[in-house]
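In what follows, a structure is listed as structure tokens, so that the remarks can point back to it.
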Amino acid sequence: MLDNTKLLHGYPVVDQFTGAASIPKYQASTFNQKEILGTQDYTYTRFGNPTVAALEEGIATLEGAKFGFAFSSGMAAISTVLMLLKAGEHVILPLEVYGGTCQFVNDILPNYNIEASFVDCSDIEAVKAAVKPNTKMLYIETPSNPLLKVTDIKAMVEIAKANNLMTALDNTFMTPLYQKPLEMGVDMVIESATKFLNGHSDVVAGLLATNDEELAATLKVYQKSFGGILGVEDSWLILRGMKTMGIRMEKSVQNATAIAEYMAKHPKVKNVFYPGLASHPNHDVHMSQAANGGAVLSFELADENAVADFSAALNVPIIAVSLGGVESIVSYPRTMSHACISEEERQEQGVTQGLLRFSCGIEDTEDLLADLEAALAKVK
Ligand SMILES: Cc1ncc(COP(=O)(O)O)c(C=O)c1O
């Protein structure tokens with residue numbers, strides 16, 4: 001079965017009890033136990049629920065995994081994975097890791113005596129050099145946010161295997177349709193399902209998948225004990241959103257490609273960052289591990305004033321934090337995702353005053369290009 005068919009038939013999509021063509025919302029916190037001394041699949045929703053379980057099977061199917069887990073946010077999934085580390089251990093993460101992950105690592109892990117190093121993961125030698133005797137995990141995010149830097153997944157897995165490290169990969173930007181980290185030997189893959197998997201900017205959720213039985217058993221205990229399981233209503237909304245993910249993603253990627261090509265030629269655009277462009281420094285690595293450039297790009301205008309003129313003139317995209325909706329979303333990393341780091345750190349990472357991120361929705365390409373052209377004309 002290929003992915004588009006899997007999205008519609010590859011996991012429980014029909015209710016086994018009634019035949020309903022949409023998995024019902026089993027909106028119950030607890031379940032009647034037929035025999036007080038017996039066992040049954042569902043007893044209490046924090047431990048498991050049929051609607052949530054359908055989604056968990058869905059993510060496992062898409063990632064090519066044996067085990068799937070649904071969390072109340074991408075951050076709940078990420079923090080659960082990082083809490084697999086024990087006191088005295090060390091994790092390596094990308095320098096430009098998602099802001100929420102960075103904050104968790106900096107503000108919370110030290111309380112548990114867990115060490116971290118932030119490394120430029122597009123430089124594999126730098127990653128090798130950062131491995132210490134107590135390193136236990138390589139945490140990967142590719143392409144990165146907001147500059148779409150690429151990490152060579154297979155090279156990271158090789159380092160991990162040579163040093164007996166766990167690997168976890170945040171696959172939010174490429175999604176399980178376009179990048180399959182578990183097939184490349186990664187141990188755990190994380191998705192902020194808030195984004196493309198749900199696709200409608202109306203749910204916050206996280207998904208996690210693995211083939212490792214031991215890790216899965218531990219993750220199940222953590223999911224239950226931290227209590228960060230996804231709610232029934234939100235699971236149902238993602239099940240619904242996922243069914244159209246294939247065609248949504250196709251259109252979004254088509255828009256991203258057209259916009260990246262258009263922006264790359266525009267005289268008022270200083271830089272375009274999109275791994276689908278042949279001019280991207282890691283285009284070849286990215287295309288060896290992903291099906292296309294994805295639906296997110298960034299571009300740089302001259303300065304803050306240019307950003308203000310441009311965004312005030314836009315009519316089609318919304319201006320917001322987040323990505324992965326059916327509507328295009330423009331974000332300003334400097335005051336949004338990267339607001340909590342210093343101006344100096346932002347400059348070091350290339351998050352300049354002129355940088356904007358564009359998450360492409362499924363609007364008509366012609367309308368998006370016309371809107372961008374009109375907005376760029378307003379930039380002085
Ligand atoms: C790459 C990436 N990972 C993780 C997250 C966190 O996901 P959530 O907001 O669902 O907790 C985000 C959110 O923007 C993200 O962009």
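The basis for the numbers below is simple: all heavy atoms, side chains too, and nothing from hydrogens, waters or symmetry mates. Fair warning: this is a prediction, and the values are worked out from it, not measured in the lab. Just follow the structure's listing: the first ligand is 1, and inside any ligand the first atom is 1.
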message: Give the atom numbers and elements of ligand 1 that come within less than 4.0 Å of a heavy atom of E141.
response: 1 (C)

- prompt: To which protein heavy atom is atom 6 (C) of ligand 1 closest, and what is the distance rounded to 0.1 Å?
  reply: Y98 CE2, 3.4 Å

query: Is the shortest distance from a Lys or Arg side-chain nitrogen in K180 or E63 to a carboxylate oxygen in the other one below 4.0 Å?
result: no

task: Just let me know how A205 lines up against ligand 1, side chain, backbone, both or neither, with a heavy-atom cut-off below 4.0 Å.
output: backbone

query: Do the side chains of Y139 and I92 get nearer than 4.5 Å, heavy atoms only?
result: no

- prompt: Has ligand 1 got any nitrogen or oxygen that is less than 3.5 angstrom from a nitrogen or oxygen of M75?
  reply: yes

- prompt: Does G74, backbone or side chain, put an N or O under 3.5 Å from an N or O of ligand 1?
  reply: yes

- request: Evaluate the side-chain proximity of R248 to H200: yes if any heavy-atom separation is below 4.5 Å, no if none is.
  value: yes

- prompt: So do L7 and M1 actually touch side chain to side chain, heavy atoms under 4.5 Å?
  reply: no

- request: Please report which non-hydrogen protein atom sits nearest to atom 9 (O) of ligand 1, along with the residue it belongs to and the distance in Å to one decimal place.
  value: K195 NZ, 3.8 Å

message: Donor-acceptor check, side chain of H90 to backbone of M137, threshold 3.5 angstrom: yes or no?
response: no

task: Give a yes or no answer on whether the side chain of N171 reaches the backbone of Q179 with a donor-acceptor pair at less than 3.5 Å.
output: yes

query: Taking distance alone, with no angle check, do D170 and ligand 1 share an N/O pair under 3.5 Å?
result: yes

Ligand 1 contacted by I78 (non-hydrogen, < 4.0 Å): yes

message: Under 4.0 Å from a heavy atom of T194: which atoms of ligand 1 are those, numbered in the order shown and with their elements?
response: 8 (P), 10 (O)

- prompt: Is the side chain of Q289 donor-acceptor paired with the backbone N or O of H286 at a distance under 3.5 Å, no angle test?
  reply: no

task: List the closest protein heavy-atom neighbour of atom 7 (O) of ligand 1: residue, atom name, distance to the nearest 0.1 Å.
output: S192 OG, 3.0 Å

